[in-house]
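Okay, structure first, notes after.
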Amino acid sequence: MAELIKPISVKDYLEFEEQETKRLQARWKAELDSFSALGDLYGLLAANIKVSAQNLILPCRLFLAVESQMYGVVSQLLRRRMTDALALTRRAIEAAAAAYLVWEKPALAEVFLNAYPNVNMADDLKQWKPSKKYKEEFSTQKLFDHDGEVWNRLRSTYQVTSAMCSHAGPGVLKDQENRNQQLYVHFVHPDEGEGRRHWYWIMGSYFEMLRVFMRIFREQLERTFLGQLEKDIIGWRDKSAKQFDELARQSSKDTLKDSSLILRHEQVKFLFR
């Protein structure tokens, strides 16, 4: 029978995490700088949104929710908690898709805000039961029922992160391994090469979400600012793509290039095309 190994205490882990975060800020400086630059683009958009239309209030709030998840993602990446970073990304993708749906159909804002009609019924079994209308209108099918490459990519990432990071299915076991009939769990992602590819995969997803919000708020932005922001976004994409190609050449002998997760060079690069 397999034996569960727990080699460290919580305090030991926290001490290791603090040291690892400092080390990886230097080792993954290029990736951290790229993600920070993307965060600055989110900040520029946020600072220039002036909304008067009622139907854009909820998309604004969901935009801030996505930005908040992005900050948490960077924190988790620096701790090599890749599964947790992807779980936050899934939540962000869902929020971005909901924002777009409400922008298209403003009447759905009320459905979203009243998703849990029994929320004030403390200790009631139905307190956290979502309304039928909410489940119908914000189903996965309807959230991603849009044409175009942006939605194809976000839908694909959402499906992967649902299976691997959100639901307690087989994906929750992927950080475990059997060593001579003993179970060993990796509290942080064990391979830095694959971990580094996670940065680009996730950055690509937040790049796509930024494109979604640019579409939502396009008419609310001053023309000159909009033109410059679009140029800056494309510049960020091209610089990040070049950086990723250079990383691929440096790590061409990576032993995990055939990883079971969708993180081979060819599979991540498509996000920046």
Side-chain angles (χ1 to χ4, degrees), residues 42 45 53-70 72-73 82-119 125-174 198 201-219 260-263 267-268 270-273:
Y42 269 80
L45 178 57
Q54 192 67 26
N55 68 308
L56 290 176
I57 298 299
L58 181 55
C60 277
R61 296 179 66 182
L62 290 168
F63 172 74
L64 293 177
V66 169
E67 191 174 20
S68 174
Q69 299 307 296
M70 179 174 62
V73 159
M82 303 309 174
T83 299
D84 295 333
L86 289 170
L88 292 176
T89 300
R90 179 190 182 276
R91 184 185 297 169
I93 292 172
E94 189 169 350
Y100 192 86
L101 198 56
V102 170
W103 172 67
E104 281 195 321
K105 302 176 181 179
L108 291 180
E110 184 176 353
V111 177
F112 183 91
L113 293 171
N114 294 291
Y116 297 92
N118 304 316
V119 67
L125 292 177
K126 295 181 180 180
Q127 182 180 13
W128 297 107
K129 181 179 180 180
S131 71
K132 181 179 179 181
K133 186 71 171 175
Y134 172 75
K135 292 174 67 176
E136 290 175 350
E137 296 297 340
F138 289 89
S139 65
T140 301
Q141 180 179 352
K142 290 188 177 181
L143 282 174
F144 298 100
D145 188 22
H146 314 290
D147 296 327
E149 61 179 16
V150 171
W151 291 106
N152 289 338
R153 293 169 184 173
L154 289 178
R155 184 188 303 111
S156 175
T157 302
Y158 185 81
Q159 290 171 340
V160 173
T161 52
S162 293
M164 300 299 294
C165 313
S166 177
H167 307 308
V172 302
L173 307 177
K174 74 181 185 67
H198 274 78
W201 181 24
I202 294 174
M203 274 194 286
S205 297
Y206 278 91
F207 165 71
E208 301 293 6
M209 283 183 267
L210 182 57
R211 294 175 69 186
V212 169
F213 284 107
M214 285 287 288
R215 179 68 188 93
I216 292 173
F217 299 122
R218 189 177 187 84
E219 302 305 321
S260 59
L261 201 54
I262 64 166
L263 292 175
Q267 293 168 309
V268 179
F270 84 95
L271 290 170
F272 298 106
R273 288 174 181 166

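Computed from a prediction, not measured in an experiment: that's the story for all the values here.
- Taking the side chain as every heavy atom from C-beta outward, Met209 and Met70 never approach each other to under 4.5 Å.
- Side chain of Ser156 to backbone of Asn152: no donor-acceptor contact under 3.5 angstrom is found.
- Judged as a side-chain contact (heavy atoms from CB on, under 4.5 Å), and not counting sequence neighbours, Asp145 has no contacts.
- The two atoms that bring Ser205 and Thr157 nearest to each other are OG-CG2, 3.6 Å, heavy atoms only.
- One distance of note links CZ of Phe112 with CG of Leu101; it measures 10.5 Å at 0.5 Å rounding.
- When atom types are taken as modelled, the side chain of Gln127 and the backbone of Asn118 share no donor-acceptor pair closer than 3.5 angstrom.
- A heavy-atom distance below 4.5 Å is found between the side chains of Leu86 and His198.
- Shown here are the side-chain hydrogen bond (donor to acceptor under 3.5 Å, both in side chains) partners of Asp84, two or more places apart in sequence or in another chain: Arg81.
- For Tyr42 (side chain) and Tyr206 (main-chain N/O), a donor-acceptor pair under 3.5 Å exists by modelled atom type.
- Between the Arg155 side chain and the Phe144 main chain, a donor and an acceptor come within less than 3.5 Å of each other.
- Ile202 approaches Ala85 most closely through the heavy-atom pair CD1-CB, 3.9 Å.
- Using a 4.5 Å heavy-atom threshold, the side chains of Arg211 and Glu149 count as touching.
- Counting only heavy atoms from C-beta outward, the side chains of Pro59 and Phe217 approach each other to under 4.5 Å.
- From Leu113, atom CG reaches atom CG of Leu108 across 11.0 Å, with rounding to the nearest 0.5 Å.
- Remark: Arg90 CZ to Gln159 CD distance equals 11.0 Å, nearest 0.5 Å.
- Put simply, the side chain of Trp201 does not reach to within 4.5 Å of the side chain of Thr89, judged on heavy atoms.
- Side-chain atoms of Tyr116 and Lys129, non-hydrogen and from C-beta on, never get closer than 4.5 Å to each other.
- With rounding to the nearest 0.5 angstrom, the CZ atom of Arg215 is 9.0 Å from the CD atom of Glu104.
- Considering all non-hydrogen atoms of both residues, Pro130 and Tyr134 come closest at CB-CD2, 3.9 Å.
- A heavy-atom distance below 4.5 Å is found between the side chains of Val212 and Ile216.
- Lys135 NZ to Thr140 OG1: the interatomic distance, rounded to the nearest 0.5 Å, is 11.5 Å.
- Shown here is Glu110, whose CD atom has no more than 12 heavy atoms of other residues, nucleotides or ligands within 6.0 Å.
- Glu94 and Arg91 are not joined by a salt bridge, as no carboxylate oxygen comes within less than 4.0 angstrom of a charged side-chain nitrogen.
- Distance NZ/Lys142 to CD/Glu136: 6.5 Å, rounded to 0.5 Å.
- Between Tyr100 and Leu154, the closest side-chain pair of non-hydrogen atoms is not below 4.5 Å.
- Ser68 places no side-chain N or O within donor-acceptor distance of the main-chain N or O of Leu64, the cut-off being under 3.5 Å.
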